[in-house]
There are 2 protein chains.
Amino acid sequence: MALDNPTLQKAVTTADKVFYAILHAIVDGKIAAGSKISEPGLAKQYEISRSTLREALNRLEKCHLIERKANVGSRVVDCTIEGLLEIYVVREALEGMACREAAINMSDDEIAEMQDMLAQHANAQDLIDGVAYYQEEGDLDFHYKVILGSHNQQLINILCGQLYHLVRMYRIQFGMHSPRATRAFEEHSNIIQAICDRDGELAEILMRRHIAASRKNIEKKIALQNSATQ
Amino acid sequence: MALDNPTLQKAVTTADKVFYAILHAIVDGKIAAGSKISEPGLAKQYEISRSTLREALNRLEKCHLIERKANVGSRVVDCTIEGLLEIYVVREALEGMACREAAINMSDDEIAEMQDMLAQHANAQDLIDGVAYYQEEGDLDFHYKVILGSHNQQLINILCGQLYHLVRMYRIQFGMHSPRATRAFEEHSNIIQAICDRDGELAEILMRRHIAASRKNIEKKIALQNSATQ
DNA sequence: TAAAGTATAATTGTCGACAATCTGCTTATT
DNA sequence: AATAAGCAGATTGTCGACAATTATACTTTA
């Protein structure tokens with residue numbers, strides 16, 4: 001079930017391990033965004049052959065974490081504001097739809113599990129402090145559960161397999177400790193309620209607003225920064 | 001511009017050429033859906049080394065045309081009804097959003113170009129005959145233009161780079177010569193009008209209905225088939 | 001001095017071979 | 001007879017080397 005998550009999947013081959021190692025290095029910014037990737041360099045660093053490294057690079061390309069040009073090489077994607085906003089647009093569309101489908105397809109057990117998770121969050125010290133409600137990872141994450149709940153393999157692949165890491169990369173590198181913590185918690189509650197009521201239409205609208213609110217929050221911040229520097 | 005289309009991109013390296021060759025073979029059903037891929041076999045067939053073939057296979061995996069398991073091998077994805085419906089759900093969400101963004105971001109020139117294209121279609125013999133309005137490819141395609149018009153690189157990548165080929169594969173292998181030809185044409189007209197009016201909200205709704213109508217059309221067909229066999 | 005051309009160095013693409021793993025069949029055991 | 005263990009055969013993963021292409025630095029020329 002949750003093993004569909006590439007992040008949690010066990011690394012069975014050397015290329016796998018190196019893939020995850022580089023993945024984390026990029027997401028955490030240890031390999032700078034926008035920097036060029038040296039195949040001989042990285043291969044030496046991880047003590048593997050170039051073939052194996054290239055296998056790992058291919059997977060990173062699948063996650064849109066690096067970009068390759070023929071006969072030129074690979075670069076880590078760079079984190080631009082425009083890129084971030086583009087991702088939010090995609091998420092609004094896809095997670096909105098995932099939420100609609102989740103309201104239709106989730107089993108009662110899955111819904112109960114999600115409600116339990118939310119109850120735990122309500123007590124969590126982090127939430128009380130109003131910090132870092134966004135920081136959980138993997139299958140602890142609310143959005144994650146909703147996406148899996150859609151039972152749509154295409155949606156799961158795109159959102160959990162590809163965009164997930166990009167989103168984390170942006171969050172970490174832009175230092176987004178959401179100030180919307182308590183607000184987000186309430187929105188999550190309402191979304192779960194809609195799913196529980198099997199109201200797909202409402203569930204989608206609420207999820208879209210939830211994500212759009214985050215996006216607007218970022219746009220506002222950017223606007224403030226821009227007006228301050230002028 | 002249209003060079004962002006991986007289908008039209010020029011193949012510069014051998015792996016590229018083989019990638020496109022196998023891509024077409026799979027989409028056209030010359031390599032059967034669901035069949036296992038033999039690396040030694042295909043390498044011999046295309047007269048290349050296994051390394052080069054694996055490079056090509058990696059790209060096919062990016063398009064979700066094949067699936068790989070570690071130490072086991074690759075299989076061509078199989079075309080199931082569920083899979084097809086899943087794709088329609090994703091398309092409804094993403095192309096709907098792309099249409100909204102297109103209404104915001106397309107230049108006047110781009111819109112004029114799209115209107116010209118539609119006018120051409122209106123005269124086309126194919127349309128008069130009520131056949132095959134869906135069969136055009138590449139940047140002739142209406143949906144394609146809308147997606148590019150969103151100016152959102154993420155949307156373009158996912159829809160044109162990944163899903164595009166899968167959709168074509170399903171269309172060809174399920175033999176979908178849409179009987180909705182004239183109807184689809186009218187719907188396209190209305191969508192372009194909404195974009196022309198810069199009405200993103202309406203444009204999204206119309207596109208979603210347009211795609212949902214196709215999906216329901218398929219569901220109906222399936223239901224008929226099932227009731228006939230019982 | 002700036003621009004263009006050339007040669008050298010470095011990087012990427014491709015190849016064939018070996019090691020590790022899986023598949024299917026035979027054989028042995030209860 | 002059914003299940004488990006073990007053994008070929010084939011397939012995938014990994015490696016190091018060579019070929020093709022690109023980037024860099026230097027020289028030449030206007």
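Side-chain atoms are counted along with the backbone in the values below, which use heavy atoms only and exclude waters and symmetry mates. In what follows, every chain begins at residue 1, and chains take the letters A, B, ... in the order their sequences are listed.
Looking at residues two or more places apart in sequence or on another chain, you find a ring pair (Phe, Tyr, Trp, His ring centres under 6.0 Å) between B/Tyr170 and B/Phe174. Under the side chain to side chain contact (heavy atoms under 4.5 Å, CB included) criterion, A/Asp78 pairs with A/Thr80, sequence neighbours left out.
In this structure, A/Arg68 places its CZ atom 15 Å from P of D/dT22, rounding to the nearest Å. Rounded to an integer number of Å, the gap from CZ of B/Phe19 to P of C/dT14 is 14 Å. Nucleotide D/dG16 holds its C1' atom 16 Å from the CD atom of A/Glu47, rounded to whole Å. Look at CG on B/Asn71: it is 11 Å from C1' on D/dT14, rounded to the nearest Å. At whole-Å resolution of the value, CD in A/Glu39 and P in D/dT14 are 16 Å apart. Between the C1' atom of D/dG16 and the CD atom of A/Glu55 lies a distance of 17 Å, rounded to the nearest Å. Spacing between atom CG of A/Leu57 and atom P of C/dT11 amounts to 15 Å, rounded to whole angstrom units. With rounding to whole Å, A/Leu42 atom CG is found 12 Å from C/dT11 atom P.
Using a 4.0 Å heavy-atom criterion, one finds that A/Ile37 contacts the sugar-phosphate atoms exclusively.
OP1 and OP2 of C/dG13 both lie 4.0 Å or more from every side-chain N or O belonging to B/Ser51. In this model, the phosphate group of D/dT12 is not approached by any side-chain N or O of B/Arg54 to a distance below 4.0 Å at OP1 or OP2. Between B/Lys69 and D/dG13 there is no side-chain polar atom (N or O) within less than 4.0 angstrom of OP1 or OP2. Look at A/Thr52 and you'll find a side-chain N or O under 4.0 angstrom from OP1 or OP2 of D/dC15.
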Begin with the C-alpha distance, continue with both residues' side-chain angles, and end with the deciding distance and a verdict on side-chain contact (heavy atoms from CB on, under 4.5 Å) for A/Ile26 and A/Ile66. CA-CA 9 Å; A/Ile26 290 178; A/Ile66 70 173; 3.8 Å; yes
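In this structure, the nucleotide among D/dA17, D/dA23, D/dT14 sitting nearest to the side chain of A/Arg50 is D/dA17. Taking only side-chain atoms of A/Lys36, from C-beta outward, the nucleotide of D/dG13, C/dT11, C/dT14 with the closest atom is C/dT11.
When ring centroids are compared, A/His24 and A/His165 stay outside the 6.0 Å threshold.
Under the 3.5 Å distance criterion, with hydrogens and angles disregarded, a donor-acceptor pair is assigned to the side chains of B/Gln162 and B/His64.
When each of B/Val12 and B/Gly73 is assigned the nucleotide of DNA chain D with its nearest heavy atom, B/Gly73 is the one assigned upstream, toward the 5' end.
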